[in-house]
*Asks:* 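Here's a structure for you.
It should be emphasised that the depicted structure is a prediction, and the values quoted were computed from it without experimental measurement. Just so you know, these numbers use all the heavy atoms, side chains as well, and skip hydrogens, waters and symmetry mates. Lettering of chains follows the sequences in order, A, B, ..., and the numbering in each one begins at 1.
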Amino acid sequence: MFPEHFRRQESVEERYDPATIEPKWQQYWEERNLFRTDKDDSRKKFFCLEMFPYPSGKIHMGHVRNYAIGDVIARYKRMQGYNVLHPMGWDSFGMPAENAAIKHNVHPSQWTYENIAYMKGQLKKLGLSYDWSREVATCSPEYYKWNQWFFIKMLEKGLAYRKSSYVNWCHSCATVLANEQVIDTKCWRCDSVVVQKKLEQWFLRITNYAEELLSGCDTLSGWPEKVVLMQKNWIGKSHGAEVDFRVEGIDQNIRIFTTRPDTLFGATFLCLSPGHPLAERLAADKDELEKVRAHYGKVDEKVGLFTGAYCINPMNNEKIPVYIANFVLMEYGTGAIMSVPAHDQRDFEFAEKYGLPIRQVIVGAGLAPAHQPQGGQPQGLPLQEAFVDEGILVDSGQFSGLKSADAKQKIADHLEEKGLGKKVVNYKLRDWGISRQRYWGTPIPVIYCDNCGIVPVSEKDLPVILPEDVKFTGTGGSPLQESDAFLHTACPKCGGKARRETDTMDTFVDSSWYFIAYCLKDSSGLSVMRDQFKEDSSPITHHSLLKYWMPVDQYVGGVEHAVLHLLYSRFFTRVIRDLGIIKVSEPFVNLLTQGMVIKDGAKMSKSKGNVIDPDYLINRYGSDTSRLFSLFAAPPERDLDWSDKGVDGAYRFLNRVWSVVQKHRDALRKSAPLATGTDDLSYGARAVLRKTHQTIRKVTADIEKDYHFNTAIAAMMELVNEMIGFEPDNGKEMQVVTFAVDNLLLLLSPFTPHIAEELWAKLGHKEIASEMPWPVWDEEIAKDEEIELVIQINGKLRGKLMISAGLADDDVKERALQDSKVVEIIGGQGIKKVIVVKGRLVNIVVGA
RNA sequence: GCCGAAGUGGCGGAAUUGGCAGACGCGCCAGAUUCAGGUUCUGGUGGUGGAAACGCUGUAGGGGUUCGAGUCCCCUCUUCGGCACCA
């Protein structure tokens, strides 16, 4: 029951005024805690999640679209009877807060929480059905404590480690970036060029899960294929062999990785990465080595240097030179390659530049053996480029004549037998570097002690809280280094003087498990976790909650996270599983990646000046219109072209809904429910009734099938058009209108909940539209009485005929052939064949 | 370069998956309401020929399969995404 004052003012001629009705219903839902959710084993759960925003200041249209999509799903599932978990929170650590601190001298915390307060207000104005009691902010100590806890657990399990290596450094952000955060040699955030810098850093061993993350891709049937493919490509599994080449003169092997052991006989030199441990030792000319290093990681010319050393090809005992080459990556494989210029384009270019021999050992499968090269020198014309395809081996000793695929196996077997190499699997995926030299992030909970080395902070001392006494100058170095109170501490082991780690964590750590935090969050915070992770905790706790809510049934967000966030979350979910906290391996069963919001052919951005401000839109049209247009203009996975006129159209539609209900309001309020039996209804009334059932069916199907809200809304528009054209003139026909209006409002309520709720209440319903069950249709009533039969002659449209829907095929054929126009066109031509497509068309094939 | 997706009216987009191409909306045109503009309402609206009935043509381009193709197959072109010296 809603209070009486909600349906006063009825006497005045009422216009659709979103500015009054929207806040009213938002307040009403909130007061009633309508969207609060608790675990309920008697009901089926549905976890509907949208990617949480970074609190940058205001929401943008991308958020409106993302959250409108998620809200329709959540409201629809709720009406279907699911126990829906629909939470929202804040990805609230990150650089913009720190930049604001430097620029405006406001503390990142203050800046962030002010933004959160404002943006939360904006989201509430959109009428999104969130359970705000589960809200989390990743910058709160209660949240980031668990980042630290997970880190310590990973440290214990050897999944977190520290190493010195070349890392991606962004000057502008003054911090390190993970490989996933370097887009086209530039910083994902600020677009400045990333350079390589040698630093000690913390890494998470995501590569331990490489195989599982890859094989898990095959279970992601609810994800867009392209996203799964991007994940697979990023993990980048390849099969090959590692082979040891003995270096002459020193007691040391060089181990190389190749996916083409079938080309081993064509190796004419060997290349080391400039970062290879032996590079320094073997390089005769150190200045030259530096020059090669300067070209490392750049996709420009091939630059190399002969070390003076030679090594032995284990297959044919040939002595080949050892080079150092800029294009050989230290991070992939072993940091050393055998170079087969005849069959690898990069090696080919390098060989041409430095005058190294090119020896063909694979020929196309079409070539006859007689034409195959003999005696180590290719016959015929020299290669213009590398022959990179597989083929038949030549000049390869006992392996000549084999196909590449067979030779790969046999040569690898041979190497294993002789102890010269082994088959291996390699991944492009590298460990996740999480150290950031910034303030506004989770402090990495370790302590450096001169006696004890690296010591993790004890669990009881968590969280390690960010100090307040920090100055934001923006002049390099981690700001945490400047806080004496933070930096200096006692070693947890020996109690001696020690200092804290001053780097903070990559903010992608925060978002890698926030969906789990939502499941556990309650009015006392993340206390379920706190209790559980204490020693001798009670057995209730997180297990039952996580078992109930996880995994996420529907995840909605931008495709820009196809690799970054989604891969990290899949990794974290597995780590958390292996800690015994959850059972599932995949966090997100279904993923919907919505397209961007485009205006004038470009993504909305301040620099392009094509931004639409959601505040303006809500003030002018209301949130129902804003939501409706976002959902109507394009299917969710596609880019949405913004159109001011299109918004007018959405607003107009809601006004038409409003006026058609107003027009019949008094009669509707008095009308009895629709009695069964429709035989005595007029043609027009039957049409409205049928259209209503068809619309319920269509809207339901479009939501179920890929969430195609645009066509669902189009169907509701059709229904409204039909209703506007119908004038009931007796009580029974009024019942039909009542039925149509009631169902229309229920169908609308996930999309435009405020107007649906308001009109629903105006019609005198005692319940809340948002809590009503989703409408059902009657397949019998939804059936067309008659259909327009299309008559084709030789596949061309030649006429149309209204026939009753149940007509048998033979009768349909008869009717078509009797049609006067058809008779005329056919004339004297013989009928070869007649095809009848049930309920659709007749195609008469004629001709000589 | 490699991998992937997509090309449909003036525009955003539909098309039960091989069966009327253009639903729905925007825009535009005409009419009604209005002092007028806006709003609202009614009708029309792919191109082309025709006064009209109606005809021809049309889903990036070319070929093919089929009674029938926007949809399936082959080739070409264009656009957009992802990866990019991954050995």
*Asks:* Work out how far the P atom of B:U42 is from that of B:G47, and round it to whole angstrom.
*Replies:*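 Taking atom P in both B:U42 and B:G47, they lie 23 Å apart.
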
*Asks:* Using the C1' atom in both, what is the distance from B:C26 to B:U45, to the nearest Å?
*Replies:*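 Their C1' atoms lie roughly 13 Å apart.
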
*Asks:* Hey, which of these two, A:Lys226 or A:Pro635, hits RNA chain B nearer its 5' end, going by closest nucleotide?
*Replies:* A:Lys226

*Asks:* With a 3.5 angstrom cut-off on both distances, give the Watson-Crick or G-U wobble partner of B:C35, or none if there isn't one.
*Replies:* none

*Asks:* Across the strands shown, which category fits A:Val790 at heavy-atom distances under 4.0 angstrom: base, sugar-phosphate, nothing?
*Replies:* base

*Asks:* Report the nucleotide, chosen from B:G4, B:A14, B:G12, that has the shortest atom-to-atom distance to any side-chain atom of A:Asp641.
*Replies:*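 Per side-chain heavy atoms of A:Asp641, the pick is B:G12.
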
*Asks:* Under 4.0 Å between a side-chain N/O of A:Ser339 and OP1 or OP2 of B:A87, yes or no?
*Replies:*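 For B:A87, neither OP1 nor OP2 has a side-chain N or O of A:Ser339 closer than 4.0 Å.
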
*Asks:* Nearest to the side chain of A:Asn326 - B:G25, B:A87, B:C85?
*Replies:*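 Of all the options, the side chain of A:Asn326 is nearest to B:C85.
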
*Asks:* Can you tell me if the side-chain N/O atoms of A:Asn843 get under 4.0 Å from OP1 or OP2 in B:C20?
*Replies:*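 So the side chain of A:Asn843 is outside the cut-off, no N or O lying under 4.0 Å from OP1 or OP2 of B:C20.
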
*Asks:* Counting side-chain heavy atoms from C-beta on, which of B:A87, B:G4, B:G13 comes nearest to A:Arg638?
*Replies:* B:G13

*Asks:* Classify the nucleic acid contact of A:Gly333 as base, sugar-phosphate or nothing, counting any heavy atom under 4.0 Å across all strands shown.
*Replies:*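 Result for A:Gly333 = nothing.
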
*Asks:* Between A:His561 and A:Phe508, is there a side-chain heavy-atom distance shorter than 4.5 Å?
*Replies:*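 Side chain of A:Phe508 against side chain of A:His561, heavy atoms only: contact under 4.5 Å found.
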
*Asks:* Return yes if a side-chain donor-acceptor contact under 3.5 Å exists between A:Glu637 and A:His708, otherwise no.
*Replies:* yes

*Asks:* Would you check if the side chain of A:Asp262 reaches a backbone N or O of A:Lys408 as a donor-acceptor pair within less than 3.5 Å?
*Replies:* no

*Asks:* Tell me the partner of B:G68, counting only Watson-Crick (N1-N3 plus N6-O4 or O6-N4) or G-U wobble (N1-O2 and O6-N3) with both under 3.5 Å; none if nothing fits.
*Replies:* none

*Asks:* Taking the P atom in each of B:G58 and B:G63, what is the distance between them to the nearest angstrom?
*Replies:* 11 Å

*Asks:* Quick one: label A:Asp639 by what it contacts on the DNA or RNA (base, sugar-phosphate, nothing), any heavy atom closer than 4.0 Å.
*Replies:*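 It contacts sugar-phosphate atoms only.
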
*Asks:* Mind checking who B:G58 pairs with, Watson-Crick or G-U wobble, both distances under 3.5 Å?
*Replies:*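 Check on B:G58: unpaired, no WC or wobble geometry under 3.5 Å.
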
*Asks:* Considering every strand shown, what is the Watson-Crick or G-U wobble mate of B:G43 when both distances are under 3.5 Å?
*Replies:*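 When the pairing criteria are applied, B:C29 turns out to be the nucleotide that pairs with B:G43.
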
*Asks:* Can a donor-acceptor pair be found between the side chains of A:Asn721 and A:Arg656 at a distance below 3.5 Å?
*Replies:* yes

*Asks:* Can you find a donor-acceptor N/O pair under 3.5 angstrom joining the side chain of A:Lys833 to the base of B:C67?
*Replies:* no

*Asks:* Mind checking A:Gln792 for me? I need base, sugar-phosphate or nothing, with any heavy atom below 4.0 Å counting as a touch.
*Replies:* base

*Asks:* Under a 3.5 Å limit for both distances, which nucleotide forms a Watson-Crick or G-U wobble pair with B:U78, could you say?
*Replies:*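 B:A6 is the nucleotide pairing with B:U78.
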
*Asks:* Checking contacts here: which listed nucleotide (B:C20, B:G82, B:C41) is nearest the side-chain heavy atoms of A:Lys800?
*Replies:* B:C20

*Asks:* Using the P atom in both, what is the distance from B:U33 to B:A23, to the nearest Å?
*Replies:*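 To the nearest whole Å, 30 Å.
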
*Asks:* Pick the C1' atom in B:G46 and in B:G9, then give their distance to the nearest Å.
*Replies:* 5 Å

*Asks:* Out of B:A87, B:C20, B:C83, which has the shortest distance to the side chain of A:Lys428?
*Replies:*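 Within the option list, the nearest is B:C83.
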
*Asks:* Atom CD of A:Glu225 to atom P of B:A5: distance rounded to whole Å?
*Replies:* 7 Å

*Asks:* Does any nucleotide pair with B:A14 by Watson-Crick or G-U wobble geometry, both distances under 3.5 Å, and what is it?
*Replies:* none

*Asks:* Look at all strands and tell whether A:Leu229 reaches a base, only sugar-phosphate, or nothing, counting heavy atoms closer than 4.0 Å.
*Replies:*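 Sugar-phosphate, backbone atoms only, no base.
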
*Asks:* In Watson-Crick or G-U wobble terms, both distances under 3.5 Å, what is the partner of B:A53?
*Replies:* none

*Asks:* Determine all donor-acceptor pairs shorter than 3.5 Å in which one atom belongs to a side chain in residues 697-705 of chain A; sequence neighbours excluded.
*Replies:*
unit_1	atom_1	unit_2	atom_2	d
A:Arg697	NH1	A:Glu779	OE2	2.5
A:Lys698	NZ	A:Asp702	OD1	3.4
A:Lys698	NZ	A:Asp702	OD2	3.3
A:Thr700	OG1	A:Ile696	O	2.6
A:Thr700	OG1	A:Trp774	NE1	3.0
A:Asp702	OD2	A:Thr711	OG1	2.9
A:Asp702	OD2	A:Ala712	N	3.3
A:Glu704	OE2	A:Tyr76	OH	2.5

*Asks:* Under 4.0 Å, heavy atoms only, any strand: does A:Val328 hit a base, just the sugar-phosphate, or nothing?
*Replies:*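 Base, at least one base heavy atom under 4.0 Å.
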
*Asks:* Ring centres under 6.0 Å, that's the criterion: do A:Trp432 and A:Phe203 meet it?
*Replies:* no

*Asks:* From C-beta outward on A:Ile337, which listed nucleotide comes closest to its side chain: B:A87, B:A21, B:C67?
*Replies:*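 Per side-chain heavy atoms of A:Ile337, the pick is B:A87.
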
*Asks:* Less than 4.0 angstrom between a side-chain N/O of A:Lys796 and OP1 or OP2 of B:U57, yes or no?
*Replies:* yes

*Asks:* Are OP1 or OP2 of B:C26 and a side-chain N or O of A:Arg652 less than 4.0 angstrom apart?
*Replies:*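 Result: yes.
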
*Asks:* Is any N or O donor-acceptor pair between the side chain of A:Lys832 and the base of B:C67 shorter than 3.5 Å?
*Replies:* no

*Asks:* For A:Ser238, report the nucleic acid contact type (base, sugar-phosphate, nothing); a contact means any heavy atom under 4.0 Å.
*Replies:* sugar-phosphate

*Asks:* Mind checking whether A:Phe629 and A:Tyr651 have ring centres under 6.0 Å apart?
*Replies:* no

*Asks:* Across the strands shown, which category fits A:Glu788 at heavy-atom distances under 4.0 angstrom: base, sugar-phosphate, nothing?
*Replies:* base

*Asks:* When both hydrogen-bonding distances must be under 3.5 Å and the geometry is Watson-Crick or G-U wobble, what is B:A23 paired with, if anything?
*Replies:*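 Result: none.
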
*Asks:* Out of B:C3, B:G55, B:C20, which nucleotide sits closest to the side chain of A:Lys821?
*Replies:* B:G55

*Asks:* Taking the chi torsion of B:G43, is it syn (within 90° of 0) or anti (everything else)?
*Replies:*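 Here B:G43 takes the anti form, which means its glycosidic angle is more than 90° from 0.
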
*Asks:* Quick check on B:U66: syn or anti? Syn means the glycosidic torsion is within 90 degrees of zero.
*Replies:* anti

*Asks:* Expressed as a whole number of Å, how far does the C1' atom of B:C67 sit from that of B:C20?
*Replies:* 16 Å

*Asks:* Of all the nucleotides listed (B:C26, B:A21, B:C56), which has the minimum atom distance to the side chain of A:Arg798?
*Replies:*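 Selected nucleotide: B:C56.
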
*Asks:* Ignoring backbone atoms, test whether A:Asn710 places a side-chain nitrogen or oxygen under 4.0 Å from the OP1 or OP2 oxygen of B:A14.
*Replies:*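 For B:A14, OP1 or OP2 has a side-chain N or O of A:Asn710 closer than 4.0 Å.
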
*Asks:* Let me know, please, whether A:Asp648 or A:Ala633 comes out on the 5' side of the other along RNA chain B by nearest nucleotide.
*Replies:*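 Here A:Ala633 is the residue nearer the 5' end.
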
*Asks:* Does this structure show an ion pair linking A:Glu242 with A:Arg255, if we count only N-O contacts that are shorter than 4.0 Å?
*Replies:*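 Judged by the 4.0 Å cut-off on N to carboxylate O distance, A:Glu242 and A:Arg255 do form a salt bridge.
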
*Asks:* Could you give the distance separating B:G68 and B:U78 at their C1' atoms, to the nearest angstrom?
*Replies:*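 It comes out at 29 Å once rounded to the nearest Å.
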
*Asks:* Look at the side chain of A:Thr259 and decide which nucleotide, out of B:A87, B:A15, B:G19, has an atom nearest to it.
*Replies:*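 In terms of side-chain proximity for A:Thr259, the closest of B:A87, B:A15, B:G19 is B:A87.
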
*Asks:* Nearest of B:C85, B:C83, B:G25 to any side-chain atom of A:Met717?
*Replies:*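 In terms of side-chain proximity for A:Met717, the closest of B:C85, B:C83, B:G25 is B:G25.
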
*Asks:* Taking only the C1' atom of each, what is the distance from B:U8 to B:A21 in whole angstrom?
*Replies:*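 Nearest-Å result for B:U8 against B:A21 at atom C1': 8 Å.
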
*Asks:* Assert yes or no for the condition that the ring centre distance of A:Phe350 to A:Phe269 is strictly below 6.0 Å.
*Replies:*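 Yes; A:Phe269 has its ring centre under 6.0 Å from that of A:Phe350.
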
*Asks:* Would you confirm whether A:Asp344, through its side chain, and A:Asp347, through its main-chain N or O, come within 3.5 Å as a donor-acceptor pair?
*Replies:* yes

*Asks:* Without decimals, in angstroms, what is the distance between A:Ile713 CD1 and B:A14 C1'?
*Replies:* 14 Å

